[in-house]
Amino acid sequence: MRRRSLLLAAVPAGLVTLAGCGDDKSDTSKAGASPSPSVSSVPPPKIVDGPLPAVTAGTKFGEKPTVAKGPGEPSKDLAVKTLIAGSGRTIAENDFIRADYLGQIWSTAKVFDNSYDRKRPLVMQLAKGSIIDGWLYALAGKKTGSRVQIAVPPTWGYGKEGNAQAGIKGTDTLVFVIDLIDSFNSKSSAKGQQVPQTDAALPKVGTNTDGQVPKVTIPRADPPKKLVSEYVLEGDGPEVKADQAVLCQFQGLVWEGGKTFQRTYGSGRLSQFGLEQMQRAVKGLAEGLTGKKVGSRVLIVIPRQLGYGDNPPSGGVIKKDSTLVFTVDILAAM
């Protein structure tokens with residue numbers, strides 16, 4: 001089993017799951033562990049520029065850093081230093097970030113977690129209740145492309161309880177080096193190259209990249225009997241693997257009648273779910289996303305046997321014999 005990130009403070013806020021597609025735990029089980037929340041109802045920290053231990057090797061953006069032991073006593077405040085200034089998008093609270101990171105204990109220099117060895121950056125919402133407060137306060141306002149070093153006292157880390165799973169005591173100050181690769185919000189969309197939509201038997205999907213709902217025109221014809229997964233916009237990111245989770249914008253419609261049953265576009269939210277969990281809920285959606293490139297918009301048409309089958313969500317527009325139509329903007333995979 002892949003070792004999981006230790007940064008999660010609780011179930012991320014602001015996520016939406018597909019109707020009838022499992023419980024809240026399935027959204028984040030592949031993205032990280034869920035230790036007790038960092039201390040709640042604490043005031044924002046004072047941010048200072050040190051002290052911070054030296055980065056002695058791996059000093060370039062994207063390289064795994066080696067960090068010295070903390071010099072003397074750590075600050076009681078949140079120490080933040082930009083080691084490399086990026087020029088990308090400014091990150092705001094409640095955005096999702098994609099980042100590589102290394103975390104270690106100030107007093108011992110013991111590394112308790114890092115994403116560089118896993119070669120799978122963290123994708124997490126920068127929101128209260130989603131991630132330790134030290135990250136929230138340190139990273140809001142930073143630009144993507146930046147490397148940031150922080151020292152987080154227990155108050156804005158794991159509190160007096162610490163984190164036994166990681167060997168973190170309730171008195172430990174934590175040191176992180178964080179490479180901010182990308183960020184996403186509810187206005188994000190795929191940015192890939194347009195792919196000709198020439199099959200008249202398939203729905204036509206809008207190619208707008210402004211975060212608004214892409215228009216879907218379903219033909220007045222019988223739906224396909226087999227799963228369809230086609231690029232509308234083809235990105236240039238890595239292919240999504242079957243054991244990963246995705247962060248995405250999506251909409252789901254019923255072929256018969258063209259009614260929308262759920263969407264994130266325009267809702268102020270993004271969706272995050274694991275493909276292994278989706279296999280047990282809407283198998284066709286998991287299969288349709290597997291192998292597609294990050295940064296793409298994908299049209300997925302799901303026949304009933306790969307959708308909800310004989311158990312559609314009650315009270316909605318999806319019936320037992322419904323064919324489902326999804327458009328999915330794959331923003332990130334983790």
Side-chain angles (χ1 to χ4, degrees), residues 1-10 12 15 27-35 38 52-53 55-67 80-84 86 88 91 95-106 109-127 130-136 138-140 142-152 157-158 163 165-168 172 174-184 237-247 270 272-276 294-295 330-334:
M1 180 179 292
R2 186 171 77 248
R3 185 179 177 191
R4 298 190 286 179
S5 162
L6 295 165
L7 290 173
L8 270 172
L15 299 186
D27 284 345
T28 55
S29 62
K30 301 303 288 186
S34 297
S38 52
L52 285 162
V55 178
T56 59
T59 57
K60 296 180 180 179
F61 186 93
E63 292 182 341
K64 179 184 175 182
T66 300
V67 184
V80 181
K81 183 178 181 181
T82 299
L83 301 178
I84 299 172
I91 297 168
D95 284 357
F96 281 80
I97 59 169
R98 180 170 177 259
D100 272 316
Y101 67 96
L102 178 139
Q104 67 183 47
I105 296 171
W106 175 282
K110 178 185 176 182
V111 175
F112 58 82
D113 197 13
N114 89 89
S115 66
Y116 299 93
D117 290 344
R118 292 191 291 270
K119 301 187 185 303
R120 287 189 178 184
L122 171 79
V123 177
M124 185 57 56
Q125 191 178 25
L126 202 65
S130 170
I131 202 164
I132 59 173
D133 286 349
W135 276 54
L136 170 61
L139 300 181
K142 301 298 184 185
K143 292 182 179 292
T144 56
S146 297
R147 168 170 281 196
V148 182
Q149 185 182 18
I150 64 177
V152 184
Y158 293 99
N163 187 310
Q165 176 187 353
I168 298 169
D172 284 334
L174 310 179
V175 177
F176 293 94
V177 175
I178 306 160
D179 287 333
L180 296 169
I181 301 169
D182 208 346
S183 68
F184 311 94
E239 293 182 356
V240 177
K241 298 178 181 179
D243 66 341
Q244 289 187 298
V246 294
L247 178 70
L270 297 176
Q272 187 179 18
F273 54 83
L275 297 192
E276 289 180 337
V294 173
I330 308 171
L331 303 178
M334 67 294 272

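- Ion pairing of D100 with R118 is absent here, as no side-chain N (NZ or NE/NH1/NH2) approaches a carboxylate O to less than 4.0 Å.
- Across G157 and V152, no two heavy atoms sit closer than the pair N-CG1, 3.7 Å.
- Across every non-hydrogen atom of S146 and F61, the tightest pair is O-CE1, 3.2 Å.
- Between N163 and F112, the closest side-chain pair of non-hydrogen atoms is not below 4.5 Å.
- What you find for V123 and A333 is that their closest heavy atoms are CG2-O, 4.3 Å.
- K143 meets the salt bridge (charged side-chain N to carboxylate O under 4.0 Å, His left out) test with no other residue; sequence neighbours excluded.
- Side-chain contact between F96 and L331 is absent, with no heavy atoms from C-beta onward closer than 4.5 Å.
- The distance from the CG atom of L126 to the CZ atom of F184 is 13.5 Å, given to the nearest 0.5 Å.
- Contact record, G134 with I150: O-CD1, 4.2 Å, taken as the closest heavy-atom pair.
- With sequence neighbours left out, A242 forms a side-chain contact (heavy atoms from CB on, under 4.5 Å) with T290.
- Of the inter-residue distances, the one linking L275 atom CG with D243 atom CG reads 8.5 Å to the nearest 0.5 angstrom.
- Distance check: D179 CG to L102 CG gives 10.0 Å after rounding to the nearest 0.5 Å.
- When only modelled atom types and interatomic distance are considered, T144 and D182 share no side-chain donor-acceptor pair under 3.5 Å.
- We find that D172 and K110 are not joined by a salt bridge, their nearest charged nitrogen and carboxylate oxygen being 4.0 Å or further apart.
- Between Y101 and F176, the angle of the ring planes lies from 30° to 60°, which puts this pair in the tilted group.
- Annotation for I178 and A99: closest pair CG2-CB, 4.0 Å, computed over non-hydrogen atoms.
- The distance from the CD1 atom of I97 to the CG atom of L139 is 5.5 Å, given to the nearest 0.5 Å.
- Within the 4.5 Å cutoff, the side chain of W135 has heavy atoms near those of the L122 side chain.
- With Q149 contributing its side chain and P53 its backbone, the two residues share a donor-acceptor pair below 3.5 Å.
- Contact annotation: the side chain of M124 never approaches that of M334 to less than 4.5 Å [non-hydrogen atoms, C-beta and beyond].
- Among all heavy-atom pairs drawn from I84 and G145, the shortest one is CG2-O, 4.2 Å.
- Residues V80 and K142 have side chains in contact (heavy-atom distance under 4.5 Å, counting atoms from C-beta outward).
- For the atom pair OG of S183 and CD1 of I91, the computed distance is 5.0 Å after rounding to the nearest 0.5 Å.
- Taking the side chain as every heavy atom from C-beta outward, P65 and R147 approach each other to under 4.5 Å.
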